[in-house]
Every structure is written in C-alpha cells, then in structure tokens.
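A short write-up of the structure that comes next.
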Protein chains: 2
Amino acid sequence: MIDRLDGRLIELLAEEPRIGVLEASRRLGVARGTVQARLDRLQAQGVIRGFGPEVDPAALGYPVTAFATLEIKQGQGADVRSHLSSVPEVLELHTTTGHGDMLCRLVARSNADLQRVIDKVVAYDGIVRASTAIVMENPVPLRIIPLVKQASED
Amino acid sequence: MIDRLDGRLIELLAEEPRIGVLEASRRLGVARGTVQARLDRLQAQGVIRGFGPEVDPAALGYPVTAFATLEIKQGQGADVRSHLSSVPEVLELHTTTGHGDMLCRLVARSNADLQRVIDKVVAYDGIVRASTAIVMENPVPLRIIPLVKQASED
DNA sequence: TTTTCGCTGGGCAATCTGCATAGCGGTGCG
DNA sequence: CGCACCGCTATGCAGATTGCCCAGCGAAAA
C-alpha cells in the first residue's frame, strides 16, 4: 500500500505543511523528482485527499461539541440525510449498526445554543428519537499519523 | 470573529488548497498583502490550525470505521486516556456526558480485524464496558465550510 | 484634528515550481 | 542470458511565487 518513504513524507508534511517539494526532498534525503512522484501517486491513489485548511470550530465561536445518536423511521433515511446536511452545525453524519441508526457530530455556540441546534436537527418527521452526549474533553484529537506509521512499517 | 473576506479566503483554500497567496489575492480581488495578513491572523488566532495532509484511512488499508462508547471505572480516566492514545487505530477520543463516559472513533482492516482492535482497546482494567457501532455509510463527511459560511456572514 | 489601522500597489532578490533530460540499477519475462 | 520497463537520481532552465519592504490613502477611533 504505502512504503516507508511514503510514510515519512506524510509525517513530514503533517508536521510542517508549509514546506515545499524541494525542502521535503532535502529532509528526506531523496531527489526532488522522487518526492514529486510520490506525492502525485499518493494523491492519485486517494491516500492524500488534499491539503485543505484545518479550521477550529471553537475559534469560530462554536466551542461546544456533541455527538447525537438518531433513531430513524424506516425508509426515511435519504430524506433525513439531506435534511441534516443542510444544517451547518452538523459537521459529520454516519449511518451505523447498533441501537441508533445514525450518529452525527454537532457543534454549538454554548450549551444553551446546543438546544437550538438539536431542535433544528430533530425538527424532521423521519427522526424518531435523538440522544445526545456532550463532549467535555478531547484527550485524543483527530489524528492519523500513528496509523500512517503502522501502515507504512508493515 | 471572522468577516466575509476571511470566510471567502477559507472557502477558497478549502476548494483549491494548491493555490498560493498571489493567486488567492487575484481570485478574491484584493491585494496580496491583504491575503497574507489575513492568513497570518487566522493562523495566529487559531482559526486555521494548519494545512496538514488529509489522509484517507480506507486508502491506507483501514476501510472499516466504528464508534465505541466506553464505560470507565471511576478514577481511571487518565490511565485509560493514555492507554487509548497508544493504539494507532484509535483516531480520536472524547470524554462525554451521558450513559457512556468516553466515545472513540476506531478504524480497522476488516470487520474481523475490528474485533482485534476492540480487544486491544478494552484490554485494560479501567474499561468496564464497550459498545460499538460500525459505520456503514458516511453521508456527510467531516466538513467545516457551511459553518465557516455561517460564522462569516453574521 | 490627530493618530491608528487595514488595505492598496509597487518593487526586489531569492527561491521554488513545472517540465524535460539522461544515466543507473533492479525486476520480470521471453 | 538479454531486453524492456520502472523508479530513483541528478541536473538544467524559464517562469512564477514568496517574503519583505515601503509610501500613500481612507475610515474609524481617540
């Protein structure tokens, strides 16, 4: 899948995203063309989706995060999806196995504001029930490097 | 917090991360120095955390995602945190209110492999119970642009 | 009114990019 | 064994971009 060099390249880019291809090639001790080729390949394969800016919702004024488990009326899945995707505070949505049918990540301006967001979310026929867990701490923020390391060292 | 120009800049960078400051200034119809200054400010404020590569776990050989709700023995929180952070397949971890005490996102190489990951996760004294929901579909992948739009248009 | 601040528009040297070249060594195949 | 293929190295070059600087200007704040 990916080899050590790919892994090191991804780690390097994760640590210092501002560096260019040339600087990366120096750090890795390989030719510039090699880094260029690896990067192109990683992006073509979809391993690297892109280099979009990582925006912190808290800094945007949405310091409260919560996860909501939703129970959906049978056959309403598609409509619920499009309803939820129209709510900006819904940062992601998954359909899952288990007791709930969907799991979504929400943000809000405050705990009070979270009520407004949840109301907006459940204000839809297809949603039978929602149970919400507010995030208190985030000991492990979304990360990928440890996995990249493991995958590249196989 | 952030104004329209900031919002447009973030949207632009999200759509086409490869463009530089100069090109961005052309697209936005402002001077290069302005874009430079806005970017610096957004990063200094923490609104933009960085431009790390977005890696797709599926392309790395981990196509299965799951969310696990963990129940923790009182007073064992800190140890559990460090235990979980040492597991590469744990992509993020939150402590939450509600029935569970923690919620974590896992990935695995297959449904069968997920068992191994879960075993590794719960192989720790402090964890009383784990209930797992496997992700089937991801109708709304992690996104931030709608929120940026809303925040910048206030 | 004066000061401060953000934006503009320009300039400059140093750097990087995209693209192309050629050589080299390892691998798979007939 | 000989050959073609592929990835990596190394290098070159023109054009674009970056980081940094400055002076002017208009609006908002003091």
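Below, read A as the first sequence line, B as the second, and so on, with proteins coming before strands; counting in each chain starts at 1.
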Output yes when [X] and [Y] qualify as a salt bridge under the 4.0 Å nitrogen-oxygen rule, no when they do not.
| X | Y | result |
| --- | --- | --- |
| A:Arg26 | A:Glu23 | yes |
| A:Asp119 | A:Arg116 | no |
| A:Glu92 | B:Arg105 | yes |
| A:Asp79 | A:Lys73 | no |

Can you build the contact string for nucleotides 9-29 of chain D? Use B for base contact, S for sugar-phosphate-only contact, and - for no protein heavy atom under 4.0 Å.
B--B----SBBB---------
Does atom CG of B:Asp125 have more than 12 heavy-atom neighbours, drawn from other residues, nucleotides or ligands, at distances under 6.0 Å?
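No, not enclosed.
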Bend angle of the helix from C:dT1-D:dA30 to C:dG30-D:dC1 from five-pair axes at both ends, rounded to 10°?
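Inter-axis angle at the ends, rounded: 40°.
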Provide, to the nearest angstrom, the distance between the CZ atom belonging to B:Arg4 and the C1' atom belonging to C:dC7.
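So the two atoms are 18 Å apart, to the nearest Å.
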For the pair made of CG in B:Leu39 and C1' in C:dG6, what is the distance, rounded to whole Å?
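It works out to 16 Å between those atoms.
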Can you tell me how far the CD1 atom of B:Ile2 sits from the CD atom of B:Glu153, to the nearest 0.5 Å?
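Rounded to the nearest 0.5 Å, the CD1-CD separation comes to 9.5 Å.
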Please state whether the rings of A:Tyr124 and A:His83 are parallel, tilted or perpendicular, taking 30° and 60° as the class boundaries.
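The arrangement is parallel - the two ring planes meet at less than 30°.
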Output, in order, the C-alpha distance, side-chain angles, deciding distance and verdict of side chain to side chain contact (heavy atoms under 4.5 Å, CB included) for A:Asp6 and A:Arg41.
CA-CA 10 Å; A:Asp6 291 322; A:Arg41 189 172 53 73; 2.8 Å; yes
